[in-house]
Enquirer: 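Just passing along the structure, written as structure tokens.
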Protein chains: 2
Amino acid sequence: MTAIKESSTIQENKQYALEKCPVTYVMEKIGGYWKPIILYHLSNGSLRYSELKRAIPAVSEKMLIQHLKQLEADNLIIREAKPVVPPFVTYSLSSAGIGLMPVIQAMAEWAFIDKENGFSS
Amino acid sequence: MTAIKESSTIQENKQYALEKCPVTYVMEKIGGYWKPIILYHLSNGSLRYSELKRAIPAVSEKMLIQHLKQLEADNLIIREAKPVVPPFVTYSLSSAGIGLMPVIQAMAEWAFIDKENGFSS
DNA sequence: CATTATGCATACTTTAGGGTAAGTACTTGT
DNA sequence: ACAAGTACTTACCCTAAAGTATGCATAATG
């Protein structure tokens, strides 16, 4: 039994890691590249889908709605659609999403400091 | 010329996004799934490579050193190797890495609150 | 009457990330 | 003499994520 490589238990350990490490828990919810960026742009108030698209030109429409759906499913943002004929859909932060603002704020602040100090690779 | 789809400009817009959005800047540095987790485990002090491995059983050795190298290249952690024969290598936070602790701390705090409120999908 | 805008959905392909496994160099322990 | 520990490196493969490009319904606008 001692010959079993420890790496074969990685899968089972993932559940353990999720329960033990709070940062792992967070990464499961906002771990994607785009999610924190979306949340950052929503921090100044609700935005329409098309406004988000223009605010983040680097994201494709597919990625944008995909992550918006996931953020909604995780109760971090709220989607409101008015049944008018040119569709009018707005996204805003939920209370849990607002709770994430310290994280986003801390990121933004660190970015400015890091840039000032010129720590570039 | 009006027939060109706007999505074809996504690549060029990425550079723009990097300069404009601070959160994008941060995600380029600690955007990987494992990087914040590694930084979290180093927040209590320096650790040897093997200690990190045992602290994060869910990560494979390949991922661990890969991200450690990247974090070192980005000046977020410091690698110190003693030239002894059973290798003795420790990793610790740099000053820039310590500057990231508010982000990691905010993540950890939010995780606890979110779990208490039972916001699970 | 064709275009534009809105908020998506979907198919199709490519790429990058990550998993698994094995090897290396050197020494201490049994 | 052989396994085990330490800190990696390398090679191969595979899947999930992301890019690209369409389509759709409707209605105001030129």
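Proteins get letters first, then strands, A, B, ... in listed order; numbering begins at 1 in each.
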Enquirer: Choosing from D:dT6, D:dG19, D:dT9, which nucleotide comes nearest the side chain of B:R48?
Expert: D:dT6

Enquirer: Return no unless some side-chain N or O of B:K53 is found under 4.0 Å from OP1 or OP2 of D:dT6.
Expert: no

Enquirer: Among the nucleotides D:dT6, C:dG7, C:dA9, which one has an atom lying closest to any side-chain atom of A:S50?
Expert: C:dG7

Enquirer: Is any side-chain N or O of B:Y91 closer than 4.0 Å to OP1 or OP2 of D:dC8?
Expert: yes

Enquirer: By a strict heavy-atom criterion of less than 4.0 Å, which residues belonging to residues 79-87 of chain B are in contact with DNA chain C?
Expert: B:V85

Enquirer: Can you check the B:E51 CD to D:dG5 C1' distance for me, whole Å?
Expert: 14 Å

Enquirer: Taking only the side-chain heavy atoms of B:M63 (C-beta and beyond), determine which of C:dC8, D:dA7, C:dG19 contains the nearest atom.
Expert: C:dG19

Enquirer: Once you round it to whole Å, what is the distance between C1' of D:dT6 and CG of B:L68?
Expert: 15 Å

Enquirer: Would you kindly give the CD1-to-P distance between A:I38 and C:dG7, to the nearest whole Å?
Expert: 15 Å

Enquirer: Compile the donor-acceptor pairs under 3.5 Å between side chains in residues 82-94 of chain B and protein atoms, sequence neighbours left out, one pair per line.
Expert:
from, atom 1, to, atom 2, distance (Å)
B:S94, OG, B:N75, O, 2.6
B:S94, OG, B:L76, O, 3.1
B:S94, OG, B:A96, N, 3.3
B:S94, OG, B:G97, N, 3.1

Enquirer: Among all residues two or more places apart in sequence or in another chain, which pass the side-chain hydrogen bond (donor to acceptor under 3.5 Å, both in side chains) test with A:Q105?
Expert: none

Enquirer: Whole angstroms only, please: what is the CE-C1' distance between A:M27 and C:dG18?
Expert: 15 Å

Enquirer: Could you check which of D:dT6, D:dC8, C:dG18 has an atom nearest any side-chain atom of B:K69?
Expert: D:dC8

Enquirer: Which nucleotide wins on minimum distance to the side chain of A:S60, given the candidates D:dA7, C:dC8, D:dT20?
Expert: D:dT20

Enquirer: Roughly how many Å is it from CH2 in A:W34 to P in D:dG19, rounded to a whole number?
Expert: 6 Å

Enquirer: CZ of B:F88 versus P of D:dA7: gap in Å, rounded?
Expert: 8 Å

Enquirer: Mind checking the CZ-CD spacing from B:R48 to B:E80? Nearest 0.5 Å is all I need.
Expert: 13.0 Å

Enquirer: Using only heavy-atom distances, determine whether the side chains of A:K35 and A:Q70 contain a donor-acceptor pair under 3.5 Å.
Expert: yes

Enquirer: Specify the separation, in whole Å, of atom CD of A:Q66 and atom P of D:dA17.
Expert: 8 Å

Enquirer: Taking only side-chain N and O atoms of A:H67, does any of them lie within less than 4.0 angstrom of OP1 or OP2 on D:dA18?
Expert: yes

Enquirer: Over how many whole Å does the gap from A:I65 atom CD1 to C:dT10 atom C1' extend?
Expert: 9 Å

Enquirer: Carefully, step by step, assess A:M63 and A:Y33 under the rule side-chain contact (heavy atoms from CB on, under 4.5 Å).
Expert: CA-CA 10 Å; A:M63 284 297 99; A:Y33 180 83; over 6 Å; no

Enquirer: Can you name the side-chain contact (heavy atoms from CB on, under 4.5 Å) partners of B:I56, sequence neighbours left out?
Expert: B:W34, B:I37, B:I38, B:H41, B:L52, B:V59

Enquirer: Do A:K62 side-chain and D:dG19 base share a donor-acceptor contact under 3.5 Å?
Expert: yes

Enquirer: Is there a side-chain polar atom (N or O) of A:R54 under 4.0 Å from OP1 or OP2 of C:dG7?
Expert: no

Enquirer: Rounded to the nearest 0.5 Å, what separation is found between the CG atom of B:L100 and the CH2 atom of A:W110?
Expert: 4.5 Å

Enquirer: CD1/A:I65 to OG/A:S60 distance, rounded to the nearest 0.5 angstrom?
Expert: 8.5 Å

